[in-house]
S.K.: 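This is the structure I want to talk about, given as structure tokens.
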Amino acid sequence: MAADPSTSTTAAPAFASDANSTESWSARVRSLTRLGRHREALALLRDGDPYPPPHALALPAAVISCTALSLPSGVAQIQALGYKRGLLPSSDAYLLSALLSSHSRLGHLRRAHQLLDEMPLASTPPTTLRTAFNSLISGCAMHALPAACFAIFRRMRAAGAPFDAVTLMTLVPAAPHTAVPQLHALAGKTGLAAETTVANCLISVYARRGAGLARQVFDEMPVASRDLVSWNAVISAHAQNGLAVDTLDLYGRMRGHDGVGVEPDAVTLVGVLSSCAHLGARSVGRGVERYMQERLPGFRANLQLCNSLINFHARCGSLPQAQQLFNEMPRRSIVSWTALIAGYGMHGHGDVAVNLFQTMVSEGIRPDNVAMVGLLSACSHAGLYDEGRKYFSAMESAYNLRPTLEHYTCMVDLLGRAGRLEEARELISSMPMPADGAVWGALLGACKIHKNVEMGEEAFEHVIKLEPTNAGYYVLMANIYTDTGQLDGVVRIRAMMRERGLKKEPGCSYIEHKGRVHLFMADDHSHPQAKRIYELVIKLEQMVKEKTDGTAGTEGGRAVEGHSQKASGPLIGFHSEKLAVAFGMLNTDDSEIVVIKNLRVCGDCHTFLKTVSAIANRAFLVRDASRFHRFEGGACSCKDYW
DNA sequence: GTAGGGTTAG
């Protein structure tokens, strides 16, 4: 074995004055292995003085180094040496475990089993048995052989070998989800569930199927036994399952009293930033960014963390910051590109998104399904009909990607909003898989824009079969009837909703001011400044009415939120975004007012905000459920296409 | 000295 010249030179001085006993020689091998300098470790073992022969302490390290370098013949040599010196089949637990793990990692599971079979079960100490079985189980887990893991575990118990936290930590992630509660119960019975590592493992595995059980395990842990990994696991569990508010709540607790002695790391922040991005929680996210700059100086080298930050900025209205971060990254992944592409898409800059995508491809990055969703939705938001169609068909022909339901949803949205409703419906019938609620919902949304009752009814029929409890679709259909003057239809839909006990999701908007979040619901009077806010909205309504008199039309949407039975009343709607914007106007001078909203902006509010941006000479950036609208000088960045 | 837990984009 030749030493790697680039690293062996650095190794020499450290050991130059070392004694020549076999122990210190072995210690040198072990330490090189631990440092990941595997070639040097093996070179030392091989080229060192063969007499006296290497101490037993060097052998497990040598096995690890051979494994890391994928050298099965080296492993075999060491194993032979182990037999020759009587360390095997069972007297040196460390060598045994290292060999079992090595054979399993290298995919030689039969050899691993043989080694286990040779062990004299009766005369081997239980702790040695335990590590031996654990090693083999973990090897099988690494090769995604869950059945083998459990077969060995049964054998382990039959042999009377005790299992421990490591056993459970290896089995739990390998187990089919239905078996996890049984392992959990076993952990409880044996007291192993109290081990932090076992609990952490249960949290992360439960998290794959919702946050509920993960949270329960976390909550049941004694506060003092929660370590950084516990917090990261529970925070990620909520972030991954879309529970952004709970994620931030947990983060707050971690930073406060409950997390004493635990400092967030990059993993924590990845989950937190993702939730900030979803919520539009700008001040929390900026706090995270400051924390990174102050406490994690090397964060730019952390791809995942940078990607999360790009996504955060892009989705929270700071495209320039997202772009700058992207430019400064030493290394980028497809995730970095996708976050930026989707960000430009959300802001209506479809052309930029398409250019970025082209650059990405020209740099040799092959698009994946997620990148295509970002690109197609960017085309959709910008009305780039031809590009959207081109890239959709390129998925299969150029990139060997099979379109998923999400891609079809984007395309139905793109075609439908472009007014090509028939084409959109044809696309649905050509799909190789059954359409889901989102696909039909996209068609329904397009029918709302183009006031097409017949096709809307067809889409509605499908969508409520697939998602009978999603109130948003009923509201959409009702709005189509409202817009086309079919009030009997509106009544019918309302009756359906009542019968089914469905309530439309309340609209809410929020704005951050001086580090605090000000949340507004439709027709909400709870804000301390409510009186002034309403006075301003009413005054602006009046001004807007005068300015747009006769030209505003009845741009639908008044049934979207709030008390829409007043739809026939005066043209005053206290939708949440109007309240939030008014609050911003009252409390700031000339900066851009940023509002985050949970539902789509309705046509009335859209007209209102455009006009007010001109009257008051202010810029408003509103993120609604699907994209950004930037209102300035009487126009919106969506060019009224949304 | 051996076996080993948490991570992003739509």
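Each chain gets a letter, A, B and so on, in the order its sequence line appears, and its residues count up from 1.
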S.K.: Taking atom P of B:dG5 as reference, at what distance in whole Å does atom CG of A:N232 sit?
M.R.: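 To the nearest whole Å, that distance equals 15 Å.
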
S.K.: Does A:Q240 put a side-chain nitrogen or oxygen below 4.0 Å from OP1 or OP2 of B:dG6?
M.R.: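 Answer is no, no contact under 4.0 Å.
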
S.K.: Could you check how far NE2 of A:H381 sits from P of B:dG10, rounded to whole Å?
M.R.: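 The answer, rounded to whole Å, is 11 Å.
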
S.K.: Quickly, which of A:F357, A:Y344, A:F326 forms a ring-ring contact (aromatic ring centres under 6.0 Å, His included) with A:W337? Name it, please.
M.R.: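 Going through the options one by one, the only one that passes is A:F326.
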
S.K.: For a quick check of understanding: with a heavy-atom distance under 4.0 Å over all strands, which category does A:D164 fall into, base, sugar-phosphate or nothing?
M.R.: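 Base contact.
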
S.K.: Kindly say if A:R30 contacts the phosphate of B:dT2, meaning a side-chain N or O under 4.0 Å from OP1 or OP2.
M.R.: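 It does not, given that no N or O in the side chain of A:R30 lies less than 4.0 Å from OP1 or OP2 of B:dT2.
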
S.K.: Can you tell me which nucleotide in B:dG10, B:dT8, B:dG4 comes closest to the side chain of A:Q304?
M.R.: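 The nucleotide sitting nearest to the side chain is B:dT8.
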
S.K.: Between atom CG in A:D92 and atom P in B:dA3, what is the gap in whole Å?
M.R.: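 It is 12 Å, rounded to the nearest whole Å.
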
S.K.: Would you kindly check whether a donor in the side chain of A:D368 faces an acceptor in the base of B:dG10, or vice versa, at under 3.5 angstrom?
M.R.: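 Donor-acceptor pair under 3.5 Å: no.
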
S.K.: Tell me whether A:R155 forms a cation-pi arrangement with A:F133, defined as NZ or CZ under 6.0 Å from the six-membered ring centre and within 45 degrees of its axis.
M.R.: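 Not satisfied by the 6.0 Å and 45° rule.
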
S.K.: If you only use heavy atoms from C-beta on, which nucleotide in B:dG4, B:dG5, B:dT2 is closest to the side chain of A:T170?
M.R.: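 When the side chain of A:T170 is considered, B:dG4 is the closest of B:dG4, B:dG5, B:dT2.
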
S.K.: Does any donor-acceptor pair link the side chain of A:D265 with the base of B:dG6 at a separation under 3.5 Å?
M.R.: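 Counting by modelled atom types and ignoring angles, a donor-acceptor contact under 3.5 Å is found here.
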
S.K.: Whole-Å distance between B:dA9 P and A:L325 CG?
M.R.: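 My rounded result for the distance is 15 Å.
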
S.K.: Expressed as a whole number of angstroms, how long is the span from A:M346:CE to B:dG10:C1'?
M.R.: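 From A:M346 CE to B:dG10 C1': 11 Å.
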
S.K.: Contact class for A:S135 (heavy atom, under 4.0 Å): base, sugar-phosphate, or nothing?
M.R.: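 Since only primed, P, OP1 and OP2 atoms lie under 4.0 Å of A:S135, the category is sugar-phosphate.
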
S.K.: Between B:dA9, B:dA3, B:dG4, spot the one nearest the side chain of A:T197, thanks.
M.R.: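 That would be B:dG4.
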
S.K.: Just by distance, no angles: are the side chains of A:H313 and A:E289 close enough, under 3.5 Å, to form a donor-acceptor pair?
M.R.: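 Side-chain D/A pair, A:H313 to A:E289: present.
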
S.K.: Does any part of the side chain of A:M221, heavy atoms only, come nearer than 4.5 Å to the side chain of A:I203, both counted from C-beta?
M.R.: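 Side-chain contact under 4.5 Å: yes.
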
S.K.: Please determine if A:R226 forms a cation-pi arrangement with A:F218, meaning its NZ or CZ atom is less than 6.0 Å from the six-membered ring centre and no more than 45° off the ring axis.
M.R.: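 The answer is yes, since A:R226 meets both limits relative to A:F218.
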
S.K.: Looking only at side-chain atoms of A:V229, point me to the closest of B:dG10, B:dG6, B:dG4.
M.R.: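 Nearest to the side-chain atoms of A:V229, counting from C-beta on, is B:dG6.
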
S.K.: So A:L228, base contact, sugar-phosphate only, or nothing? Heavy-atom distance under 4.0 Å.
M.R.: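 Here A:L228 touches the bases of the nucleic acid.
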
S.K.: Is A:D436 close to A:E467 at the side-chain level, that is, under 4.5 Å between some pair of heavy atoms?
M.R.: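 No, too far: nothing below the 4.5 Å cut-off.
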
S.K.: Report the distance from atom CG of A:L35 to atom C1' of B:dG1, rounded to the nearest whole Å.
M.R.: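 A:L35 atom CG is separated from B:dG1 atom C1' by 15 Å.
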
S.K.: Return the nearest nucleotide to the side chain of A:P60; candidates are B:dG6, B:dT8, B:dG1.
M.R.: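 Nearest listed nucleotide: B:dG1.
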
S.K.: For A:R332, which contact category applies under a 4.0 Å heavy-atom criterion: base, sugar-phosphate, or nothing?
M.R.: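 If one applies the 4.0 Å heavy-atom cut-off, A:R332 turns out to touch nothing in the nucleic acid.
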
S.K.: What's the CZ-C1' distance between A:F312 and B:dT8, to the nearest Å?
M.R.: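 Between C1' of B:dT8 and CZ of A:F312: 15 Å.
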
S.K.: Is the shortest side-chain N to carboxylate O distance from A:D413 to A:R417 below 4.0 Å?
M.R.: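 A salt bridge is present here (some side-chain N lies under 4.0 Å from a carboxylate O).
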
S.K.: Confirm from the modelled atom types if A:D227 and B:dG5 form a donor-acceptor pair under 3.5 Å, side chain to base only.
M.R.: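 Under the 3.5 Å cut-off, the side chain and the base do form a donor-acceptor pair.
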
S.K.: Select base, sugar-phosphate, or nothing to describe what A:M142 touches, counting heavy atoms under 4.0 Å on all strands.
M.R.: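 Sugar-phosphate, no base atom in range.
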
S.K.: Under the rule for salt bridge (Lys or Arg N to Asp or Glu O under 4.0 Å), what residues qualify as partners of A:R208, not counting sequence neighbours?
M.R.: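 Testing A:R208 for salt bridge (Lys or Arg N to Asp or Glu O under 4.0 Å), a comparison that skips the adjacent residues, returns none.
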
S.K.: Could you work out which one of B:dG10, B:dT2, B:dA9 sits closest to the side chain of A:I334?
M.R.: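 Nearest listed nucleotide: B:dA9.
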
S.K.: Rounded to the nearest angstrom, tell me the gap between atom CD in A:Q323 and atom C1' in B:dA9.
M.R.: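 It works out to 16 Å between those atoms.
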
S.K.: Mind listing the residues from residues 266-278 of chain A sitting with a heavy atom below 4.0 Å of DNA chain B? Number order is fine.
M.R.: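 Under 4.0 Å from DNA chain B: A:V267, A:V270, A:S274, A:H278.
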
S.K.: Please pick, from B:dG5, B:dT2, B:dG4, the nucleotide with the shortest atom-to-atom distance to any side-chain atom of A:N200.
M.R.: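 The answer is B:dG5.
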
S.K.: Establish whether the base of B:dA9 is bridged to the side chain of A:N311 by a donor-acceptor pair shorter than 3.5 Å.
M.R.: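 For A:N311, whose side chain was compared with the base of B:dA9, there is no donor-acceptor pair (under 3.5 Å).
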
S.K.: Describe the nucleic acid contact of A:S138 in one word from base, sugar-phosphate, nothing, applying a heavy-atom distance below 4.0 Å.
M.R.: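 The answer is sugar-phosphate, as A:S138 gets under 4.0 Å only of primed atoms, P, OP1 or OP2.
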
S.K.: Which of these nucleotides, B:dG10, B:dT2, B:dA3, is closest to any side-chain atom of A:V166?
M.R.: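 Taking heavy atoms from C-beta onward, the closest nucleotide is B:dA3.
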
